[in-house]
Amino acid sequence: MRPTTVAELVGQAHLFGPARLLGQAVTSDRIPSMILWGPPGVGKTTVGHIIAAETKAEYVSFSAVLGNLQELRTIVAAAKERQAYEGKRTVVFVDEIHRFNKAQQDAFLPHVEDGTITLVGATTENPSFAVNAALLSRCKVFRLDPIAEEDLVKLLLRALTDEARGLGALHLEADPDALDAIAGLARGDARRGLSSLEAVAEHVKRRGETRITRDLVKAANEDAPLLYDKAGEEHYNVVSAFIKSMRGSDPDAAVYWMLRMIDAGDDPLFVLRRMLIFASEDVGNADPRAIVVANACDQAFRRMGMPEGLFPLAQAAVYLACAPKSNAVGVAWQRARELVASRGALPVPNKLRNAVTPLMKSEGYGEGYKYAHSFDGGVVQGETYLPDELTGHVFYEPTDRGEEARIRQRLEAIRAARPANKDGER
């Protein structure tokens, strides 16, 4: 049922609609080197087949999974000969181009640049990460979207009635809600939708029936896998949604995205590691117990394993989402790092140095140091501890949220007694 012409394509109207660049390029046989990027089953390889049918150029299909550089060199040599003696272009379609490493992708560069070949690469991975930057700059990127459910229903109806290429010879009928169910389960993947339809059709035929119902569809598609690639972009998208849900104080979304990761096969220890980082980076001293809870849940999970370990996982996610938020700790060390980078290794004031030898003592090490515990409240009013050149600089500025509100009040009183720096800042 793979479409063989632009007219047969369903979906991707943003690329193949009226006056759209890719559709015009294919029908006019003036295609540029391009990268077709999208999830599985949205038509990347189909576009390659349509280009093969439409173009007057020599079309060569090449798999990054099965092919190698020697095969590519043979293709390029033939393309050069074809160009020199016949004046004919060569289009090379590379399926799953992200399977080539960056060094292998370099092999395409000179031949794309000098026009020996027109490259059409297909990938499910974000080209920004998966394709060599130099090669990417010489290609037009076209993003193919998941196919909308209403378009999938059109494909399913076409397959159900086409006697030459589809299931029309079975003379089956399908309830509209059954086709809607298959389209929904396909999640934008035409290949998955057609495979599901075929499986249900075979089941109906074996039962001696002629109608596909929603119940039959449901029975044939239990436990459908989630779209997820632990090493690809969708992994990072879901992780990002999980972290941003916790940061946005939405425990419902946090638990949802966490379970999406776990159910798709992500390592629970990775999820726990992200929560440990979050407890310091995004909660910090607004709730110092957050890191304790996250660490305790990490230890509990390691003792429990799955599936019981889901309880501490969910507990940590909910606690972190509900906790008051502060990134003041992260801002503090970033400010300190910037100052270290710009000022270098400033000398430690003598009063803060430890006089462990008589020579050090004679040099003034430790002279003038005041032991904090000897003063009221354990604080030496007006004392400074930064290098002299940095006196008055402030790195840590507590928020007024959670426990940091109390920390802020105490620090303001302590800092008010300290001398200002040369810019008048405390």
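Side-chain atoms of Q105 come within 3.5 Å of backbone atoms of A130 as a donor-acceptor pair (strictly under, hydrogens ignored). Looking at D282, its side chain never comes within 3.5 Å of a backbone N or O of R247 through a donor-acceptor pair. Here the side chain of K44 pairs no donor or acceptor atom with the backbone of G121 at under 3.5 angstrom. Between the E404 side chain and the T399 main chain, a donor and an acceptor come within less than 3.5 Å of each other. Under a 3.5 Å cut-off, the side chain of D267 and the backbone N or O of L269 do form a donor-acceptor pair. Listed for the S342 side chain is a donor-acceptor partner under 3.5 Å among the backbone atoms of L339.
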- Query: Would R406 and E403 satisfy salt bridge (Lys or Arg N to Asp or Glu O under 4.0 Å), going step by step from the backbone distance to the final call?
  - Reply: CA-CA 6 Å; R406 188 188 65 79; E403 185 66 15; 2.7 Å; yes
- Task: Show the numbers, then the answer: is there a side-chain contact (heavy atoms from CB on, under 4.5 Å) between L310 and L313?
- Result: CA-CA 5 Å; L310 279 173; L313 273 167; 4.1 Å; yes
- Message: Between K154 and E150, does the salt bridge (Lys or Arg N to Asp or Glu O under 4.0 Å) criterion hold? Intermediate values first, please.
- Response: CA-CA 7 Å; K154 293 177 185 176; E150 56 268 28; over 6 Å; no
- Run the numbers on V91 and I31 for side-chain contact (heavy atoms from CB on, under 4.5 Å), then give the verdict. CA-CA 9 Å; V91 175; I31 63 168; 4.0 Å; yes
- Message: The test is side-chain contact (heavy atoms from CB on, under 4.5 Å); show your working for L167 and D162 and say whether it passes.
- Response: CA-CA 6 Å; L167 303 171; D162 190 317; over 6 Å; no
- Task: Take V42 and Q12, measure what side-chain contact (heavy atoms from CB on, under 4.5 Å) needs, and give me the verdict at the end.
- Result: CA-CA 8 Å; V42 297; Q12 313 306 339; 3.9 Å; yes
- Message: Walk me through whether R158 and E8 qualify under salt bridge (Lys or Arg N to Asp or Glu O under 4.0 Å).
- Response: CA-CA 10 Å; R158 181 190 296 175; E8 285 188 347; 5.1 Å; no
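Under the 30°/60° scheme for interplanar angles, the aromatic rings of F100 and F108 are found to be tilted.
Between L22 and L36, some side-chain heavy-atom pair lies under the 4.5 Å cut-off. Counting only heavy atoms from C-beta outward, the side chains of W37 and V131 never approach each other to under 4.5 Å. The closest side-chain heavy-atom distance from V120 to V94 is not below 4.5 Å. Within the 4.5 Å cutoff, the side chain of R89 has heavy atoms near those of the T55 side chain. Taking 4.5 Å as the limit, some side-chain heavy atom of L21 sits within range of a side-chain heavy atom of K140. Counting heavy atoms from C-beta outward, L386 and L346 have side chains that stay 4.5 Å or more apart. Side-chain contact between H98 and T124: present, with at least one pair of heavy atoms (C-beta onward) separated by less than 4.5 Å. For the pair M275/C297, no side-chain contact is recorded, criterion being any heavy-atom separation below 4.5 Å from C-beta on.
Counting all heavy atoms, side chain and backbone alike, W257 lies closest to S245 at CD1-OG, 3.3 Å. Closest approach of K325 to F278, counting heavy atoms only: CE-CZ, 3.9 Å. Residues G193 and L156 come closest through the heavy atom pair O-CD2, 3.5 Å. Minimum interatomic distance between V217 and A178 (heavy atoms only, all atoms of both residues): CG2-O, 3.8 Å. Closest of all the heavy-atom pairs between A183 and V153 is CB-CG2, 3.9 Å. Contact record, P387 with P347: CB-O, 3.9 Å, taken as the closest heavy-atom pair.
Between the CZ atom of R138 and the CG atom of L119 there is a distance of 12.0 Å, given to the nearest 0.5 Å. Note: L216 CG to D175 CG = 9.5 Å, rounded to the nearest 0.5 Å. Separation of atoms CG (L170) and CD (E198) is listed at 9.5 Å; rounding is to 0.5 Å. With rounding to the nearest 0.5 angstrom, the OG1 atom of T27 is 11.5 Å from the CZ atom of R30. Between atom CG of residue L155 and atom CG of residue L179 there is a gap of 11.5 Å, rounded to the nearest 0.5 Å. Atom CZ in R191 sits 6.5 Å away from atom OG1 in T45 (nearest 0.5 Å).
The neighbour count for Q409 CD, taken as heavy atoms of other residues, nucleotides or ligands under 6.0 Å away, does not exceed 12. Around the CZ atom of R211, the shell of radius 6.0 Å holds more than 12 heavy atoms that belong to other residues, nucleotides or ligands. Other residues, nucleotides and ligands contribute only 12 or fewer heavy atoms inside 6.0 Å of the CZ atom of R289.
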Under 3.5 Å, side-chain donor or acceptor atoms of residues 46-54 against the rest of the protein: list the pairs with distances, not counting sequence neighbours.
from : atom 1 : to : atom 2 : distance (Å)
T46  : OG1    : R2 : NH1    : 3.0

Would you list the atom pairs, donor with acceptor, under 3.5 Å between side chains in residues 74-88 and any protein atom, with sequence neighbours excluded?
from : atom 1 : to   : atom 2 : distance (Å)
T74  : OG1    : Q70  : O      : 3.1
R82  : NH1    : T90  : OG1    : 2.6
Q83  : NE2    : G115 : O      : 3.2

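Between N126 and S128, the side chains place a donor N or O and an acceptor N or O closer than 3.5 Å (distance only, hydrogens not considered).
The salt bridge (charged side-chain N to carboxylate O under 4.0 Å, His left out) test with E412 singles out one residue from R415, R410, R408, and that residue is R408.
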